[in-house]
Amino acid sequence: MRHIIVVMIAVLLPTTSYAIEECTGDDRAARKVTCVVDGDTLWEKGKKLRMLEIDAPETFCAACERERQMGEAAKNRLIALMERGYRIRYSGEKDRTSDKRDLVEVILSDGRDAGQVLIREGLAQAWPNKGNKWCGR
């Protein structure tokens with residue numbers, strides 16, 4: 001009987017969740033932080049990463065107020081998605097910025113690609129993009 005109870009408890013326990021936060025502060029690499037910058041940029045254990053094949057609206061240096069608002073929404077949605085569990089899949093490619101960030105896919109605990117979820121929900125667009133759709137350009 002004791003075995004049945006243990007099995008039932010194990011089945012009823014929630015899956016692992018992760019404390020994902022918005023990035024704040026400097027020295028993220030030295031602090032080895034895991035956090036979300038915006039809808040397509042994150043830090044994982046002190047390494048800055050860029051999500052593959054998506055472009056999310058900017059939260060810093062936005063071209064218009066609507067882009068900034070949509071950027072905040074994308075960032076918050078990515079945090080919420082990742083808190084349910086995720087893994088990082090490295091593509092082996094780097095972006096073309098001076099940071100040379102690794103291009104990754106964020107795979108959610110249910111197997112979905114977080115970037116594709118953001119695109120479907122209108123919080124990101126496919127990369128390469130066709131302009132800044134959030135500011136009507």
Side-chain angles (χ1 to χ4, degrees):
M1 182 69 158
R2 186 176 356 159
H3 295 290
I4 293 171
I5 293 171
V6 170
V7 170
M8 288 176 63
I9 291 171
V11 170
L12 296 175
L13 290 176
T15 59
T16 304
S17 62
Y18 300 84
I20 305 296
E21 299 178 0
E22 176 180 351
C23 292
T24 59
D26 295 327
D27 301 322
R28 293 177 188 150
R31 293 186 294 133
K32 299 196 181 310
V33 298
T34 296
C35 58
V36 172
V37 174
D38 59 25
D40 58 23
T41 307
L42 60 139
W43 287 78
E44 175 75 13
K45 299 177 185 169
K47 188 168 188 175
K48 192 173 187 182
L49 307 172
R50 172 77 159 80
M51 291 173 65
L52 182 67
E53 298 179 351
I54 76 161
D55 181 36
E58 298 298 327
T59 54
F60 307 101
C61 302
C64 66
E65 180 59 20
R66 183 165 187 275
E67 180 180 16
R68 189 196 64 72
Q69 291 171 352
M70 293 298 294
E72 289 293 325
K75 174 184 64 185
N76 292 334
R77 179 63 172 137
L78 182 58
I79 289 169
L81 289 167
M82 291 175 68
E83 283 180 337
R84 296 181 189 136
Y86 69 95
R87 64 185 168 84
I88 302 294
R89 183 183 318 167
Y90 288 81
S91 70
E93 300 175 48
K94 296 196 181 284
D95 74 359
R96 295 180 182 162
T97 67
S98 60
D99 289 341
K100 300 290 185 220
R101 299 170 291 185
D102 286 316
L103 293 172
V104 303
E105 292 174 311
V106 175
I107 306 301
L108 303 173
S109 61
D110 62 7
R112 294 180 299 162
D113 178 321
Q116 295 306 309
V117 172
L118 294 177
I119 289 171
R120 276 193 302 279
E121 293 180 359
L123 296 170
Q125 60 185 341
W127 177 262
N129 66 23
K130 295 178 173 63
N132 186 329
K133 74 177 198 172
W134 301 283
C135 296
R137 300 181 191 153

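Residue numbers count from 1 along this sequence.
Of all non-hydrogen atoms in Ala114 and Leu78, the two that sit nearest each other are CB-CD1, 3.8 Å. Closest non-hydrogen pair, Arg28 versus Gly25, comes out as NE-O, 3.2 Å.
Among pairs with a residue in residues 85-137, those fulfilling disulfide bond (SG atoms under 2.5 Å apart) read Cys64-Cys135, at least two apart in sequence or across chains. Within the structure, the disulfide bond (SG atoms under 2.5 Å apart) test picks out no pair touching residues 81-123 (sequence neighbours left out). Judged as a side-chain hydrogen bond (donor to acceptor under 3.5 Å, both in side chains), the pairs with a partner in residues 34-49 (not counting sequence neighbours) are, in order, Asp38-Thr41, Asp40-Arg50, Thr41-Arg101, Glu44-Tyr86, Lys47-Asp102, Lys48-Asp99. Legend: disulfide bond (SG atoms under 2.5 Å apart) pairs involving residues 75-113, not counting sequence neighbours: none detected.
The hydrophobic clustering, which links ILVMFWY residues whose side-chain heavy atoms are closer than 4.5 Å, places Ile88 and Ile54 together. Using a 4.5 Å cut-off between side-chain heavy atoms of Ile, Leu, Val, Met, Phe, Trp and Tyr, with links allowed through other members, Leu108 and Leu118 fall into the same hydrophobic cluster. Connection of Met51 to Ile20 is established within a shared hydrophobic cluster, with ILVMFWY side chains joined at heavy-atom distances below 4.5 Å, either directly or through further cluster members. Placement of Val104 and Val37 in two distinct hydrophobic clusters is found when ILVMFWY residues are connected by side-chain heavy-atom separations under 4.5 Å, directly or transitively. Cluster membership for Val117 and Met82, using ILVMFWY side-chain heavy atoms within less than 4.5 angstrom, is shared.
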Next item on the list: Kindly indicate, with the supporting measurements, whether the criterion side chain to side chain contact (heavy atoms under 4.5 Å, CB included) is fulfilled by Leu123 and Met70.
Entry: CA-CA 7 Å; Leu123 296 170; Met70 293 298 294; 3.8 Å; yes

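A distance-only check finds a donor-acceptor pair linking the side chain of Gln125 to the backbone of Gly131 [under 3.5 Å]. No donor-acceptor pair closer than 3.5 Å links the side chain of Glu67 to the backbone N or O of Pro57.
Taking NZ from Lys94 and CG from Leu49, the interatomic distance works out to 9.0 Å, rounded to the nearest 0.5 Å. Interatomic distance, Asn76 CG to Thr59 OG1, rounded to the nearest 0.5 Å: 10.0 Å. Residue Asp113 holds its CG atom at 7.5 Å from CZ of Arg89, rounded to the nearest 0.5 Å. Here the CZ-CZ distance, from Arg68 to Phe60, works out to 11.0 Å after rounding to the nearest 0.5 Å.
Shown here is Arg120, whose CZ atom has more than 12 heavy atoms of other residues, nucleotides or ligands within 6.0 Å.
Scanning for side-chain contact (heavy atoms from CB on, under 4.5 Å) contacts around Glu93 gives Ser91, Leu103, with sequence neighbours left out. Take Arg31 and apply the salt bridge (Lys or Arg N to Asp or Glu O under 4.0 Å) test, not counting sequence neighbours, and it matches no residue.
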